[in-house]
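The structure appears right after this line, and notes come after that.
The chains referred to below are lettered A, B, ... by the order of the sequence lines, with proteins before strands, and numbering in each begins at 1. Everything quoted here is computed from the prediction, not taken from an experiment.
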Protein chains: 2
Amino acid sequence: MAHEVEQRALARYLEEHSLKHTKQREAILDVFLEAKGHITSEDLYQAVRSRHAQIGYTTVYRTMKLLCEAGLAHEHNFDGTARYEIAHEHHDHLVCTRCGKIIEFECEMIESAQNRIAASYGFRVLRHRHELYGHCAECQTSRHSDS
Amino acid sequence: MAHEVEQRALARYLEEHSLKHTKQREAILDVFLEAKGHITSEDLYQAVRSRHAQIGYTTVYRTMKLLCEAGLAHEHNFDGTARYEIAHEHHDHLVCTRCGKIIEFECEMIESAQNRIAASYGFRVLRHRHELYGHCAECQTSRHSDS
DNA sequence: CTGAAAATGAATGTGATTTTCAATTTCATT
DNA sequence: AATGAAATTGAAAATCACATTCATTTTCAG
Ligand SMILES: [Mn+2]
Ligand SMILES: [Mn+2]
Ligand SMILES: [Zn+2]
Ligand SMILES: [Zn+2]
C-alpha cells in the first residue's frame, strides 16, 4: 500500500472522529494522491473506477469532502465544478480559460496587504480566494475561440 | 423616467447589437438601479414584480445578463447564487459569512503585484476575483453559528 | 462472535440557472 | 398606418452539479 504517510493521516482523522476505515476510503485516497493537478470529482471517479469498478460516484464525492475536512485535500471552484488538489502550502491560482492550465502562485506582499485591509475594517478573514483568469503564454498566439 | 444616462446607455447597446428596446428591459434596469448593494436575481425579481406584476423571472434573469454584457452591471458569485451590482470602478470584496455584509476594497499595490506575477508567467489576465471571507466587526463578538 | 453505528451506492431530490417554444412585441420598410 | 421578419417574452421543462435518502452491507468495540 502506497502513500503511507497520508493513509496514516486519514486513519488518524477517522479514529479521532469515530468514523470507519473502509477499503473505499483507502482506495480513493490512493488514487487521488496519484492523480496530478486540480482534478474534478468526475475525473477522479473515472480514475477510481478503472481500478475499483464497484466504487460508486457518491462515495468518491463524499470521500473528497472527507479528505478536505481531514486537511489532506483542498477544494477549488474555478468554473462551476469543484476541483480537488493535494493539500500543500497556501497559494493562489492563474487559470487559463482557453486550455484550462492552472498555474499556482504565492505572494507574501499580497497576503499581508490583504490582512492590512481586513484589519482596517475590523474584519477577521477565515479564508480567501484570489484567482486570475486569462490566457497562458502558450495560448496567447493561437487564434481560437473563448474570451 | 429616471436614470436617463443608464437608459440611454442601454438603448445604445441595444441598437448597436440589433436588439430590441422593450418596456421590460427598461423597467428592470430602473428597478436594478434603485436597488442598493449586491442583489440576487430572486430579490431583484421580487422588486421588479412589485411594480410590474406581469414581468417573468426568466426575463429578469436574462436582462441582468444583458446588462452585464452592456457593461451596466457586474455579476459576482460569493456563495452559489449570482449577485448583481451597479457597475462602477474596479474593486474586490470582503464577505461576512455570518451576516452577509459585503465590504468593497481596492488596493493598487495588490493590483500591480498581480500584474507582475501574471507577466512573469507570460500570462495575460482578462479578469480576476479576489474575495476575503470571514466575520465582520459587528459579527466578531456575538456567539452564533457558521464557520 | 455480536450488535450498534457508520458507510455504501443506486436512486431520487434540490436549487440555481438555462433552454424550449408558442404567443406576443418591436421596428424597418412599405 | 399596415406589413412581416426577427427578436422577445414567460411558463414550463430541462440541465447541471451537488446533496440526500434509504435499504443493504460493512466495520469494529466489547
Ligand atoms: Mn493549487
Ligand atoms: Mn461590489
Ligand atoms: Zn492556456
Ligand atoms: Zn457580519
dT26(C) OP1/OP2 closer than 4.0 Å to side-chain N/O of Lys23(B):
yes
For Thr58(A), which contact category applies under a 4.0 Å heavy-atom criterion: base, sugar-phosphate, or nothing?
base
Contact under 4.0 Å: Thr81(A) side-chain N or O vs dC18(D) OP1/OP2:
no
Mind running ring pair (Phe, Tyr, Trp, His ring centres under 6.0 Å) on His91(B) and His74(B) for me, showing each step along the way?
CA-CA 11 Å; His91(B) 59 275; His74(B) 283 160; 7.4 Å; no
Below 4.0 Å: OP1/OP2 of dT25(C) and any side-chain N or O of Gln24(B)
no
About how many Å separate CZ of Phe105(A) and CD of Glu131(A), when rounded to the nearest 0.5 Å?
9.0 Å
Interatomic distance, Glu42(A) CD vs dC18(D) C1' [rounded to whole Å]:
12 Å
Between Tyr45(B) (OH) and dT17(C) (P), how many Å, whole number?
15 Å
Value in whole Å for how far the C1' atom of dC18(D) lies from CZ of Arg83(A)
16 Å
Is the centre of the His90(A) ring less than 6.0 Å from the centre of the His128(A) ring?
yes
Proximal nucleotide (of dT9(D), dT27(D), dG10(D)) relative to the Gln54(B) side chain:
dG10(D)
As a test of reading the structure: which of dT25(C), dT17(C), dG10(D) is closest to the side chain of Ser41(B), going by heavy atoms?
dT17(C)
Using whole Å, what does the distance between atom P of nucleotide dT27(D) and atom CD of Glu15(A) come to?
16 Å
How close or far is atom P of dT8(D) from atom CG of Leu67(B), stated in whole angstroms?
13 Å
By nearest-heavy-atom nucleotide on DNA chain C, the more 5' of Lys20(B) and Ala82(B) is Ala82(B)
Do any side-chain nitrogens or oxygens of Arg25(A) fall under 4.0 Å of OP1 or OP2 in dA7(C)?
yes
In whole Å, what is the span from the CG atom of Leu19(A) to the P atom of dT26(D)?
19 Å
Select one nucleotide: of dA6(C), dT8(D), dT27(D), the one nearest the side-chain heavy atoms of Thr22(B).
dT8(D)
His21(B) vs Glu75(B), nearer the 5' end of DNA chain C by closest nucleotide:
Glu75(B)
Under 4.0 Å from OP1 or OP2 of dG9(C): is there any side-chain N or O of Thr59(A) that close?
yes
Hey, are the side chains of Leu14(A) and Leu66(A) touching, using non-hydrogen atoms and a 4.5 Å cut-off?
yes
Between dA16(C) atom C1' and Arg62(B) atom CZ, what is the distance in whole Å?
16 Å
Close side-chain approach of Tyr133(A) and Arg129(B), heavy atoms under 4.5 Å
yes
Without decimals, in angstroms, what is the distance between Leu14(A) CG and dA6(C) P?
13 Å
